[in-house]
Participant: 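Below is the structure I would like to discuss, written out as structure tokens.
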Amino acid sequence: MASMIEMQRIEKYYGAFHALKNINLTVAKGEKIVLCGPSGSGKSTLIRCINHLETIKSGEIVVAGHRLNDSQKAVDAVRREVGMVFQQFNLFPHKTVLENCILAPMRVRKLSRSEAEATARKYLERVRIGDQAEKYPAQLSGGQQQRVAIARALCMEPKAMLFDEPTSALDPEMVKEVLDTMVSLARDGMTMICVTHEMGFARQVADRVIFMADGQIIEENDPESFFRAPKHERTRAFLGEILAHH
Amino acid sequence: MTLDFSVVTDAWQSLLFGTLGTLFLAFSGMLIAMFIGIAGVVILRMQMWLPSLLVTAFVEIVRNTPFLVQIFFVFFALPLAGIRLNPTMTAVIALGVNGGAYAIEIIRGGVESIPKGQTEAGLALGLHKHEVFRLIVLTPALRAIYPSLSSQFILLTLTTAICTSISAYELTSVGQRIEAETFRSFEVYFTLTGIYLVISLVTMWCLAAIGRWAFSYPQR
Ligand SMILES: Nc1ncnc2c1ncn2[C@@H]1O[C@H](COP(=O)(O)OP(=O)(O)O)[C@@H](O)[C@H]1O
Ligand SMILES: [Mg+2]
């Protein structure tokens, strides 16, 4: 089994605050992980360590064969392989949808403008937003913006995608279009780690669901067992709360 | 007492050239100020203690001393450094340096107002820090503070009058010469007031037009 992302014995502090405690996580190529847990449990921190948006105190991270350290070279190599989608979309407001999508491919992958545009149009079609390529982010709905953000990440042709609560900032009626996009991405074999509380999505695509609390991985299982028979009291309490809200 | 504006109308050519001189000082000063403003913020963002300290010291010194003193300082300091410039170019530099210090403060505020997510999205895409600043952060940051920057630049435009103290070529020095030749103080300064008002309004209009052109993307 080829592993795409490997995290071993990760310890992460914010000042004196111990944010990640002995995290061990291996994600196989093509595997889909759903990461859940109460707010403040360290889910964002965990996935942000993978592409070095956060630095760790100790432990080892290997992404697609690249061992991560603080050198720019290692960081570049890892970021080259990993796409990220944020809760707040983070599209660049002064650039059109197309410009958002070609910026990094041209700068980082050194594609020509026409190559980058061709790639961008392909992925914009793929997230079913090809007809909005010339618009600015502010002219799109939240759901459309998030789909553009997904396309923008895909334009780098990453080997893995990290999603940090991609539907949490959306109006309810737009959640589905984004989840559908993520499902189709999953179907195409993308390696994914998704921080989300969308349990329907977890059931549908996750190979494993991981529950975190207080900076630790408390429990992990296949979705069927995870939802049917959570082992830990904290997981049960969490699931009770989540399901009550839905 | 009778008013005699003929001394002013007779000198319309001098006044016109003086006005152009003032506009030259103002717009050159703004360009330099803009350059210093962005460069200063870039240096601050490197987060190295000595460069940051120097930039901060520069900003504080300029903002806490009178421009009149600053312009004399530049006027006498440049020759000591072996740089010989005419008074007008000296004035451009003094105006640029003064405006630059204020611009650093203003632009820094703009950069800080940009959500961290923008930078993170750029980094996650594999862009380097300097690319993120130049390509992602800078334009929205300038847009956010463009009104303050414009006011600062209008102030800079009016500050050009002080450059008369080193005999730079601009409107106030022209006015002073006409006054000295004719003793028609009120008429001269009444006219200068009117011209400066027009210069301000035109500059404001130009800056607004530049802003509309540079920041035409829609905002939510
Ligand atoms: N930049 C930061 N500085 C200090 N503490 C932080 C920072 N980012 C996150 N934290 C803290 O780390 C903990 C985990 O945060 P986070 O990973 O964002 O949790 P989650 O995504 O599960 O809600 C929280 O207690 C949060 O307050
Ligand atoms: Mg989070």
Side-chain angles (χ1 to χ4, degrees), chain A residues 44 47-48 50-54 72-73 75-97 99-110 134-142 145 148-149 152-158 160-164 169, chain B residues 34 37-38 41-43 45-49 106-150 207-220:
Chain A
S44 300
I47 63 168
R48 291 160 56 87
I50 296 171
N51 65 353
H52 204 263
L53 287 182
E54 303 290 351
Q72 187 67 55
K73 199 163 160 254
V75 172
D76 284 349
V78 166
R79 287 182 180 160
R80 179 63 198 73
E81 311 284 14
V82 182
M84 188 172 226
V85 175
F86 301 83
Q87 184 175 352
Q88 299 297 339
F89 329 137
N90 296 340
L91 295 181
F92 310 134
H94 57 305
K95 295 188 177 292
T96 64
V97 165
E99 289 165 348
N100 263 274
C101 291
I102 64 174
L103 177 65
M106 288 177 66
R107 295 238 143 221
V108 181
R109 292 179 60 203
K110 313 286 182 204
E134 316 305 328
K135 288 199 178 163
Y136 285 91
Q139 295 168 316
L140 303 180
S141 72
Q145 288 191 54
V148 171
R152 181 176 71 178
L154 292 177
C155 286
M156 291 298 289
E157 319 232 285
M161 288 277 285
L162 310 172
F163 293 84
D164 194 354
Chain B
M34 201 63 203
I38 293 173
V41 171
V42 168
I43 293 171
R45 278 173 58 89
M46 296 191 308
Q47 297 189 326
M48 298 194 298
W49 74 270
I106 295 172
I107 295 171
R108 190 179 64 152
V111 168
E112 279 166 8
S113 78
I114 301 304
K116 267 183 66 188
Q118 291 284 307
T119 300
E120 291 173 352
L123 293 176
L125 284 165
L127 297 167
H128 288 175
K129 252 182 100 177
H130 62 274
E131 294 173 307
V132 168
F133 178 76
R134 187 162 53 84
L135 303 169
I136 297 173
V137 174
L138 190 56
T139 302
L142 291 178
R143 179 178 190 154
I145 47 81
Y146 196 71
S148 330
L149 201 59
S150 298
L207 289 172
I210 292 170
R212 273 195 306 277
W213 168 77
F215 308 118
S216 58
Y217 62 91
Q219 224 164 8
R220 83 206 74 221

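Quick note on labels: first sequence line is chain A, next is B, and so on, each numbered from 1.
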Participant: So which of A:L162, A:V75, A:L103 has the largest heavy-atom pair count under 4.5 angstrom toward chain B?
Facilitator: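 The option with the most such pairs is A:L103.
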Participant: Going from CE on A:M84 to CG on B:L123, what distance comes out if it is rounded to the nearest 0.5 angstrom?
Facilitator: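 Answer rounded to 0.5 Å: 11.0 Å.
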Participant: Identify the residues of residues 127-135 of chain B whose heavy atoms come closer than 4.5 Å to a heavy atom of chain A, ordered by number, or report 'none'.
Facilitator: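 The stretch touches chain A at B:L127, B:H128, B:E131, B:R134, B:L135.
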Participant: Show every salt bridge (charged side-chain N to carboxylate O under 4.0 Å, His left out) that has at least one partner inside residues 110-123 of chain B, sequence neighbours left out.
Facilitator: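 Sorted result for residues 110-123 of chain B: A:R48-B:E120.
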Participant: Which bit of A:K95 comes within less than 4.5 Å of chain B, counting heavy atoms only: side chain, backbone, both or neither?
Facilitator: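 The answer is the side chain of A:K95.
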Participant: Any residues in residues 208-219 of chain B near chain A, with a heavy-atom distance under 4.5 Å, and which are they?
Facilitator: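 If one takes a 4.5 Å heavy-atom cut-off, the residues of residues 208-219 of chain B near chain A are B:Y217, B:P218, B:Q219.
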Participant: Between A:Q145 and chain B, with a heavy-atom cut-off of 4.5 Å, which part of the residue counts as in contact: side chain, backbone, both or neither?
Facilitator: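 Contact with chain B: side chain only.
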Participant: Mind listing the closest non-hydrogen atom pair of B:T139 and A:H94 along with its distance?
Facilitator: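 Closest pair (atom of B:T139, atom of A:H94, distance): CB-CD2, 3.7 Å.
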Participant: Using atom types as modelled and distance alone, determine if a side-chain donor or acceptor of A:N51 lies under 3.5 Å from a backbone N or O of B:A124.
Facilitator: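 Answer holds: no.
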Participant: Applying salt bridge (charged side-chain N to carboxylate O under 4.0 Å, His left out), name anything that partners A:R109, two or more places apart in sequence or on another chain.
Facilitator: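 For A:R109 the salt bridge (charged side-chain N to carboxylate O under 4.0 Å, His left out) partners, ignoring immediate neighbours, are A:E157.
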Participant: Please report the shortest heavy-atom distance between B:A121 and A:F92, naming the atom on each side.
Facilitator: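 The answer is CB-CE2, 4.0 Å.
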Participant: Check whether A:V85 gets within reach of chain B through its side chain, its backbone, both or neither, counting any heavy atom under 4.5 Å.
Facilitator: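 Interface part for A:V85: neither.
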Participant: Let me know if A:Q87 has heavy atoms under 4.5 Å from chain B in its side chain, its backbone, both or neither.
Facilitator: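 Contact with chain B: none, neither part.
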